Amino acid sequence: MSSTGNPDYRDAGLEFPAGFVFGSATAAYQVEGAAHEGGRGASIWDTFSRVPGAVVNGDTGDIADDHYHRLEEDLDLMAELGLQSYRFSISWPRIQPTGRGAANAEGIDFYSRLIDGLISRGITPTVTLYHWDLPQALEDEGGWTNRDTATAFAEYARIVGHAFGDRVAMWTTLNEPWCAAYLGYGSGVHAPGRQDPVAALRAVHHLNLAHGLALTALRETVTNSPEFSVTLNVHALRPSGPTGPEAVRRLDALGNRAFTGPMLNGEYPADLLEDTAAITDWAFVLPGDLAAIHQPIDLLGVNYYSTSLVRMPEDTDAAYDRAGATWPGSEHVEQVPQAGPFTAMGWNIEPSGLQELLELLAERHPGLPMMITENGAAFDDVPDDDGQIHDDARTDYLRRHITAVHRAMDAGVDLRGYFVWSLLDNFEWALGYTKRFGIVYVDYNTLERTPKDSARWFAELCRTKRLPD
Ligand code: IFM
């Protein structure tokens with residue numbers, strides 16, 4: 001398979017198969033609000049967002065989009081847009097306030113109403129168990145550096161499997177464990193804000209273990225016939241110059257194969273273990289762990305936003321300060337500036353990277369269907385004089401990336417769906433409310449929702465399964 005064809009990626013009229021799912025995604029902490037209601041316990045993001053300087057403007061998810069109280073309105077909005085599926089995450093501390101023990105009935109009731117509300121509107125529920133809001137009580141015991149967190153996660157999976165396992169169409173164990181491990185425990189730019197390279201690698205392993213144990217718990221509890229998946233932000237890495245391939249290999253090992261290796265092949269890649277040997281011997285991988293992690297999945301969820309261009313530095317013997325490292329053991333790999341255009345995140349807009357990535361994954365994991373579980377763009381949207389949001393740049397971004405998806409399918413990639421990130425403008429983690437990813441604009445003073453032009457464009461795509469003109 002190869003990435004050939006019109007590099008412009010601005011097609012129109014492309015037809016998608018009838019069974020291809022178009023939907024939109026959110027995550028609990030980013031949209032729900034009601035942080036201190038309904039019996040919800042504190043999560044690491046409640047704590048981290050209160051650390052001075054951790055989040056832009058001191059923003060928190062206390063109110064967010066107030067989705068918790070505006071559930072019916074938001075469900076109606078999804079129906080108006082014609083979404084075929086809604087991908088949301090369950091807040092673990094809303095189900096188990098301290099991460100252990102009996103289920104909180106109010107939390108179960110909230111998600112039950114959400115799931116029923118989707119089904120009654122003809123929208124299938126795609127549920128993520130973990131999108132970064134670890135119960136603070138578990139972090140106090142070491143969080144993802146502690147293997148007990150993985151077993152606690154399996155118990156949580158069992159509770160939600162019992163509660164919702166008659167109605168959920170697709171379960172996703174983790175969202176982007178790379179971020180949870182490396183940004184949470186390595187660079188510290190995400191909750192819980194730790195800066196310890198070994199902690200980051202321990203977190204990688206315990207997240208992988210949590211994935212496997214949760215899949216087993218779900219399979220033992222659900223009563224319908226759902227699909228099981230995990231969502232990874234697989235890094236689309238490109239080499240720069242002669243040292244580029246080595247830099248790609250290193251970041252691919254840490255960022256991609258550290259997860260796909262144990263999850264899909266039942267082993268950690270040998271080169272990952274070698275690259276990190278100076279900082280850990282991976283003794284936290286216990287006998288039986290790899291078999292527990294290596295559970296069958298029906299679909300791989302792929303989140304894609306942009307590419308990275310990388311190379312090795314001239315002086316590879318230099319000593320590096322590992323505190324605050326996003327890439328433990330490969331801190332020295334250089335990220336080379338890339339050509340624009342860029343989104344408001346400063347991320348390059350490169351749809352060909354999505355096609356390349358999908359083709360690479362299809363080669364690496366033949367027979368495993370994939371879904372784009374997130375793709376989208378932040379822009380500095382401002383309502384026009386008419387009160388509408390004419391976000392042509394976002395529509396253009398979506399068109400190009402959905403064109404890339406179609407081209408990957410033409411090249412033989414088995415892709416089952418596409419979820420735009422995000423349904424609503426929301427809390428963009430350490431960047432607070434400064435970045436708007438939604439296809440629906442949220443006025444943070446009134447919490448009023450206004451579909452942007454891109455939402456109308458996407459609604460037409462959902463309705464016709466044809467890329468609009
Ligand atoms: O907002 C996030 C989301 O929570 C996870 N994937 C990337 C998005 C944009 O940064």
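All values reported here derive from a predicted model rather than from experimental measurement. We use all heavy atoms of the structure for the numbers below, so side chains are in, but hydrogens, waters and symmetry mates are not. Indexing begins at 1, ligand by ligand and atom by atom, following the structure's order.
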Of all heavy-atom pairs linking Tyr185 and Trp144, the shortest is OH-N, 3.0 Å
Sequence neighbours excluded and cut-off under 3.5 Å, please list the side-chain donor-acceptor pairs for residues 376-383, or say none.
from, atom 1, to, atom 2, distance (Å)
Asp381, OD1, Arg394, NH1, 3.3
Asp381, OD2, Arg394, NH1, 3.1
Asp381, OD2, Arg394, NH2, 2.9
Asp381, OD2, Lys452, NZ, 2.6

Under a 3.5 Å threshold, I'd like every N/O contact between ligand 1 and protein atoms, with atom names and distance.
from, atom 1, to, atom 2, distance (Å)
ligand 1, 1 (O), Gln30, NE2, 3.0
ligand 1, 1 (O), Trp421, NE1, 3.2
ligand 1, 1 (O), Glu428, OE1, 2.6
ligand 1, 4 (O), Gln30, OE1, 2.7
ligand 1, 4 (O), His131, NE2, 2.8
ligand 1, 4 (O), Trp429, NE1, 2.8
ligand 1, 6 (N), Glu176, OE1, 3.2
ligand 1, 6 (N), Glu176, OE2, 2.8
ligand 1, 6 (N), Glu374, OE1, 2.5
ligand 1, 10 (O), Glu428, OE2, 2.6

Can you confirm whether Tyr304 sits close enough to Leu357 that some side-chain heavy atom of one is under 4.5 Å from a side-chain heavy atom of the other? yes
Classify the ring geometry of Phe20 against Phe16: parallel below 30°, tilted from 30° to 60°, perpendicular beyond 60°. tilted
Cut-off 3.5 Å, side chains only: do Asp425 and Tyr433 have a donor facing an acceptor? no
Is it the case that the side chains of Thr231 and Thr172 hold a donor-acceptor pair, with the cut-off being a distance below 3.5 Å and no angle test? no
